[in-house]
Each structure stands twice: as C-alpha cells, then as structure tokens.
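Written out below as structure tokens is the structure these notes cover.
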2 protein chains.
Amino acid sequence: MTIPRVTIKDVAARAGVSKGAVSLAFNRKPGLSEATRDRIFRAARELGWAPSLTARTLAGSRVDVVGLAICRPARQIGLEPFYMEFVSGVESVLTEHSCSLLLRLVRSLEEEVGLQESWWRGRQIGGSLLVDFRVDDPRVAAVERLGMPVVAVGHPSLTGGLTSVWTEDATAVTEAVRYLAALGHRRIARVGGAAALGHTSMRTAAFDEAARSLELAGAWQVATDYSGEAGARATRSLLTTAPPDRPTAIVYDNDIMAVAGLSVAAEMGLSVPDDVSLLAWDDSQLCRITHPPLSAMSHDVHGFGADAARTLFGLITGEGPGSHPVPTPVLTPRGSTAPPRM
Amino acid sequence: MTIPRVTIKDVAARAGVSKGAVSLAFNRKPGLSEATRDRIFRAARELGWAPSLTARTLAGSRVDVVGLAICRPARQIGLEPFYMEFVSGVESVLTEHSCSLLLRLVRSLEEEVGLQESWWRGRQIGGSLLVDFRVDDPRVAAVERLGMPVVAVGHPSLTGGLTSVWTEDATAVTEAVRYLAALGHRRIARVGGAAALGHTSMRTAAFDEAARSLELAGAWQVATDYSGEAGARATRSLLTTAPPDRPTAIVYDNDIMAVAGLSVAAEMGLSVPDDVSLLAWDDSQLCRITHPPLSAMSHDVHGFGADAARTLFGLITGEGPGSHPVPTPVLTPRGSTAPPRM
DNA sequence: AATAGGGACTTTACCGGTTAAGAAAGCGCT
DNA sequence: AGCGCTTTCTTAACCGGTAAAGTCCCTATT
C-alpha cells in the first residue's frame with residue numbers, strides 16, 4: 001500500500017538503459033547484447049522486480065488469466081470431490097504457462113453469463129472454461145456473441161459448436177448397466193443428478209436404451225440435486241419396495257450419493273452387495289474408504305481438468321487439438337457389486 | 001480476440017462527453033449533472049460497456065482481486081469439504097464488493113511464498129488470505145517484508161502479529177474430550193491431521209492437557225495426512241488392541257477420516273457407538289449421510305470464510321475489526337457417540 | 001569514398017482507465 | 001457592470017508496461 005513499488009523505470013535507471021530495453025530483455029526478444037541483458041537482469045534481481053501483469057495486459061498482449069464459474073449451491077459444492085479435483089487438474093496446466101485461474105461460484109446461469117461477459121469485457125480473462133451444460137444452454141450464444149475463447153466441458157450435442165472436451169457418458173452408462181446385467185441383475189435403478197443438466201439427460205437416455213435392449217425386468221430412474229441427502233432419500237424410496245420387485249442394483253451419478261445409499265442400505269438392514277449392489281460414479285478417494293468399498297465408474301478427473309485447460313491454451317494460441325473426448329469412465333469393481341442373491 | 005472491444009472512449013463519444021466525464025459517472029463522483037450522468041449510463045448500456053478492471057487497477061486505484069493459495073496434495077484437496085466451503089464463504093463476501101478470488105493450489109510453502117510475492121509485485125492482487133499455518137511459518141516474514149495486506153487464518157500464536165481470524169481449537173478439543181469422558185469413556189484416542197500444521201499441534205497439546213486433567217486411563221494420538229486412507233490405517237491400528245485396553249472413543253481431525261474410521265469399525269465387526277464412539281470434525285454434509293450419522297465438532301465453515309474475507313476488506317480499507325476469533329466449533333451429538341458398553 | 005545493411009538501443013505512441021488542474025457558463029450580490 | 005463562487009465539464013498527465021519506428025554507429029561491399 002504505502003510502500004512504493006518497484007517499476008520498470010527503476011530497473012531501467014539502475015541498469016542504465018531505457019525501459020524499452022528492459023522490456024525486450026524480459027520478453028526474450030532479440031536486439032540486445034548479452035552484456036546489457038545480464039546487466040538488466042541483475043538490476044531487476046537486486047530490486048526484486050517482476051513485470052506487472054496488469055500493465056502487460058493493458059499494453060495489449062495476451063491475458064494470463066482464465067476464468068471458471070461453477071454453478072451449484074454453495075453448501076453442496078463443498079462436498080463434490082469432482083470439482084476440486086477438476087480444478088486442481090486445470091491449475092496444474094495453468095501453472096506451467098504461469099497463468100492463473102479466476103474462480104467464482106455462481107448461483108444461476110444468468111449470473112454466470114453476466115460474469116463471463118464482464119470478465120471478458122473488462123479484460124480480466126483471456127478465455128474461459130465452461131462446465132455443467134444444460135440443454136439449450138444460454139452460454140453458447142452469449143460466448144459466441146462476445147467472441148471469447150472458450151472450452152466447453154460437455155458433450156458436443158450440448159455445446160453447440162464450441163470447442164469441447166467431454167466424457168462419453170452414454171457409453172459409460174451402457175457399460176455400467178451391461179455389467180450389472182451380466183452379474184445377473186434384472187431390476188436396476190439409477191439415481192441421477194440434476195435433471196436440468198445436459199449430461200444427466202444423456203445418461204438418462206442411455207440408461208433407458210440399455211434397459212430396453214437388455215430387456216430388463218425393471219428399470220427406475222430418479223433425478224436428484226446431487227446432494228447426499230437427496231441420494232439417501234432416493235435410495236430409501238427405491239429400497240422400500242417389497243423384495244420380489246425391489247431393484248437389486250443401483251447406479252449413482254456421483255460418489256457422495258452412493259455413499260449415502262450405502263448408509264441407507266445399512267440402516268434398512270440390507271446387506272451390500274448381497275441384497276443390493278451399488279455402483280458409484282467419478283470414483284474419488286471416498287469410494288475406497290467405505291465398507292464395503294464402492295465399485296465405481298472410474299475416471300481421471302484431474303487429467304480431465306488438465307486436458308480442458310490444455311485445449312483452451314490450444315484454442316488461444318491457435319494450435320493444439322480442437323474438440324475431443326477424454327477417456328470414458330471405466331468400470332472399477334470393488335466390494336459393492338455382486339450377483340443378486342435371489 | 002478479433003472483435004474490437006468497447007472502451008471508455010466509445011462511450012464518451014456516444015454520450016457526447018469526454019472520457020473524464022464517463023469516469024466520473026461510473027465512479028459516482030460529484031461534478032456531473034443528472035442529465036449527463038443519465039446520458040452516459042444509457043450510452044454505456046447501449047454499447048454494453050463496463051470499465052476495464054485492468055486499466056482501472058493500473059491507473060492507481062485499488063486492486064479488485066484477492067489471492068488464496070492452498071497447500072495440500074492435489075489428490076487430497078478434492079476430498080476435503082472444508083476448503084470448498086471456506087472458499088464459497090470467501091466468495092460470497094467478495095462478490096458483494098465485486099471483487100474476485102485468485103485461487104492457486106501449491107505444493108509447498110516455498111512455492112506459496114514465491115507466488116504471493118509475484119502476485120503482489122505484479123499488482124495482481126490487493127491482498128491475500130493465508131491458511132494452514134505451520135509453526136514458524138515463513139510466510140509471516142515474507143508478507144511483512146512486502147507490506148502486503150493479509151488476513152491470516154490461524155491462531156495468533158502462529159501468525160506472528162498478522163491480522164488473524166481463528167477458531168479456538170484448544171477449547172473445542174477440550175470440549176470434545178470432556179464430552180466423551182462425561183459419557184464414561186476412559187480410553188480416548190485422537191486421529192490428528194498433518195503434524196507440521198500449527199493447529200494440529202495446538203489440538204495435540206490441548207488433548208494431552210485434557211487427558212491429564214481428566215485422568216484418563218488411556219490417551220492416544222496419531223498424526224496423519226488428513227486422507228481417508230490414513231484415517232482408516234490409524235483407526236485400524238487403534239482398534240486392533242485387545243478389548244480391555246482398546247480405546248472406546250476416537251476423535252478425528254476432519255470428516256473424511258471419521259467416515260473412513262466408521263468403515264474400518266464395520267469391517268472389523270465392531271459396532272458404532274456400542275463398541276467404539278466416533279467424533280468427527282468440521283461437520284460437512286458427509287456426517288449426516290453415514291450410518292450411524294456422525295457426531296461432530298460442528299462449525300460454520302462458510303461463515304468462517306466470509307468472516308476472513310470481511311476482515312481482509314476491513315484491513316485494506318482501514319476500518320472494520322482486526323484480529324478476532326470466530327465461533328468455536330460446538331459439539332453436535334448424533335448417532336456415533338454413546339456411553340461405552342463395558 | 002560512398003553506400004547499404006544490420007546490430008544495439010532509444011523514442012514515442014499507445015493500451016483504457018483515473019485524477020488533478022483548468023476553463024466556460026450561470027448565478028447572486030454589491 | 002463587474003466580481004467572485006459554484007457547478008459542470010474538458011484537458012492532460014499519469015499508471016507500468018509493449019511494440020513499431022527511429023537513431024546511431026560500425027562493418028562489409030562496390
């Protein structure tokens with residue numbers, strides 16, 4: 001605050017050159033002798049100077065910040081291991097490019113649209129990562145109107161032509177259902193995420209399709225808000241049906257609901273996996289610490305985030321890959337899935 | 001990128017005034033007639049203009065960004081509900097001041113020191129929130145040298161004179177142990193967090209002191225890395241002792257380890273709370289979805305974050321409260337604690 | 001000897017705002 | 001009418017960098 005900060009001018013004065021020369025040195029551009037360059041760097045080191053990103057940004061070069069707005073209720077976000085892992089993957093790539101992440105939790109998509117717009121308009125960010133696509137997502141049009149570089153984390157069918165990175169959820173759901181069917185399950189339920197989310201509806205459709213093609217005797221789906229409580233509620237209602245018609249296997253859309261489901265089964269005196277098999281999604285550490293450990297559709301969320309960030313850089317610099325899928329979640333059997341008892 | 005952005009000049013031209021006038025209008029400073037002000041706002045709205053924070057920052061006013069670096073292994077952070085909740089609390093206050101959060105996950109304290117320094121030097125941030133203090137934390141000196149406004153989230157005994165916000169962990173630990181002792185427990189264990197962290201060592205000391213003053217028959221403490229796996233390991237080793245000497249109650253330093261502990265008990269055929277009582281810390285949603293639900297030392301982490309952010313604003317603007325504690329975690333009994341069976 | 005070419009810097013004009021100082025117009029007052 | 005005082009705006013200098021254009025000097029070429 002009160003302390004005068006060191007600027008390029010001080011460095012220039014100390015090195016006995018113009019500030020243009022300092023700029024050249026720090027951007028590794030040609031046109032300076034070794035000796036001068038050294039003198040400049042020494043002066044900068046002695047003064048503890050680093051170029052101001054603010055000024056650099058203003059001067060027209062690129063912006064070293066990317067934005068990420070996450071739209072979920074605050075209380076819930078804390079529990080979703082997915083995001084922090086995703087963010088840490090994003091960070092790991094940004095750091096390599098000495099770029100920072102501007103993170104904001106928003107309450108609605110409209111708020112996000114406004115935020116992205118003001119970030120971009122105010123030159124706060126050089127591009128953005130968009131997550132949690134809805135069907136007919138308003139962000140697609142908004143972002144195109146702005147001409148802002150964006151990587152959409154979501155299936156191309158949802159992201160309307162934006163450069164996208166996604167997991168093939170339909171394939172994964174199909175694999176999950178096939179696996180349970182192969183174990184002998186004929187009555188399978190799915191506890192899905194928020195119905196408004198695009199990937200939820202894709203998973204729902206894929207589940208329906210799989211149930212149909214496998215001619216399951218029973219198939220249920222229930223939409224939740226991803227919270228543990230909702231997962232518990234859904235599980236409770238699914239398992240209160242009398243035994244012959246009760247589902248013998250449940251697939252969850254995230255980890256936390258699967259953990260809640262496990263507790264509900266215990267509370268109802270049902271044994272997992274003997275009475276009911278449970279299959280989680282995302283596979284954070286949480287799945288490995290329950291008893292029994294949860295089988296899960298497992299994928300590398302950290303790597304997913306890293307890939308998204310890399311793709312954004314590719315987009316900004318004009319090279320690198322365009323839209324592409326990341327590895328599909330694979331089934332990782334643990335102790336919570338087995339053939340049905342009856 | 002290619003699209004020319006709207007600047008203050010365009011707005012000024014459209015409103016038929018100088019850019020100085022536009023600046024005055026947007027900063028709600030006196031010296032403009034109502035009519036002109038309206039005209040300017042209308043022009044800005046029509047053009048979709050918002051002032052560039054970058055330029056605004058450069059022009060000498062304050063910086064509308066605060067920094068937060070979190071130092072924990074990436075894979076683990078995802079699971080710690082504490083941080084996301086804390087962050088969301090911070091955000092909620094920042095948003096009111098239309099201020100953003102610059103978040104970075106770092107791998108070491110040295111990295112954090114470097115990061116904070118370059119953020120500050122590069123005028124990227126107007127201040128910072130520091131978390132996870134160690135004993136003799138190097139950040140204290142670094143930050144003082146820079147003269148950067150900072151709010152330390154940690155006990156004053158650790159934060160060396162920086163403006164601090166903290167929970168009275170020692171009091172909470174004492175309450176936890178007293179409660180268990182009151183239930184009749186005489187052999188109590190604590191599964192703590194990373195030993196290097198200051199609050200861990202404070203809790204450890206408080207636990208020792210409580211055990212001594214209550215003359216417990218047995219008191220164990222084990223340090224972990226906060227991960228579920230470590231919590232499971234610790235619990236397993238604590239519970240393998242033969243019954244008469246086995247601890248009958250365990251306090252955990254976070255939620256996730258308590259959940260892991262619960263699973264270990266189940267896996268070992270021990271009943272919670274009959275054979276062993278478990279007490280979690282922080283009390284995220286996770287505690288309510290297990291079976292039995294976990295008793296916990298509960299506090300408002302979201303509010304904690306909000307308070308820290310408010311304090312930082314107070315520090316920057318020169319008003320508001322200085323160092324102060326936030327409410328001490330309170331015991332919230334649920335199903336995982338009861339009098340010991342034997 | 002005159003000229004071209006190129007290396008090593010410096011100058012200067014921005015980037016998009018803020019802000020202190022200056023100027024024009026309107027008003028009340030003697 | 002002349003004076004000072006506001007109110008309302010404009011001007012111009014900055015903030016700390018970048019980058020294009022300009023300057024200077026030294027060497028090689030014809």
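- In this structure, B:L47 places its CG atom 12 Å from P of C:dG17, rounding to the nearest Å.
- Contact annotation: the side chain of B:V301 never approaches that of B:Y83 to less than 4.5 Å [non-hydrogen atoms, C-beta and beyond].
- The nearest whole Å value for the distance from the CD1 atom in A:I40 to the C1' atom in D:dG17 is 14 Å.
- Within 4.0 Å of B:V17, counting heavy atoms only, lie sugar-phosphate atoms of the nucleic acid but no base atom.
- Two rings, from A:W49 and A:F41, have their centers 6.0 Å or more apart.
- Nearest-nucleotide mapping onto DNA chain D: of A:F26 and B:G16, the residue sitting toward the 5' end is B:G16.
- Across the protein-nucleic acid pair, A:R56 atom CZ and C:dG17 atom P stand 21 Å apart, rounded to whole Å.
- What separates CG of A:L24 from P of D:dT18 is a distance of 9 Å, to the nearest Å.
- B:S52 has no side-chain polar atom (N or O) that falls below the 4.0 Å cut-off from OP1 or OP2 of C:dG16.
- Checked by atom type, the side-chain pair A:S323/A:T163 shows no donor-acceptor distance below 3.5 Å.
- No side-chain donor from either of B:T57 and A:T54 sits under 3.5 Å from a side-chain acceptor of the other.
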Return the polar atom pairs (N/O with N/O) between nucleotides 4-8 of chain D and the protein under 3.5 Å, or none.
none

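- The interatomic distance linking A:I8 (CD1) with D:dG17 (C1') rounds to 6 Å, in whole Å.
- Proximity note for B:K9 (side chain, C-beta onward) versus C:dG16, C:dC15, C:dT19: the nearest is C:dC15.
- Ranked by how close their nearest DNA chain C nucleotide is to the 5' end, B:A21 and B:A55 are led by B:A55.
- Considering only the side chain of A:L58, C:dC15 comes nearest among C:dT18, C:dC15, D:dT18.
- Residue A:S128 holds its OG atom at 9.5 Å from CH2 of A:W120, rounded to the nearest 0.5 Å.
- The side-chain heavy atoms of A:H199 and A:H155, taken from C-beta on, include no pair separated by under 4.5 Å.
- Protein atom NZ of B:K19 is 12 Å distant from nucleotide atom P of D:dA12, rounded to whole Å.
- The CG-P distance, from A:D38 to C:dC9, rounds to 11 Å in whole Å.
- Phosphate contact (OP1/OP2 of C:dT19, side-chain N/O of B:K29, threshold under 4.0 Å): present.
- In this structure, the CZ atom of A:R28 is 15 Å from the P atom of D:dA19, given to the nearest Å.
- When heavy atoms are screened at a 4.0 angstrom cut-off, B:S18 is found touching base atoms of the nucleic acid.
- A heavy-atom distance below 4.5 Å is found between the side chains of B:L32 and B:I40.
- Residue B:W49 has its side chain nearest to C:dG17 when only C:dT18, C:dG17, D:dT18 are considered.
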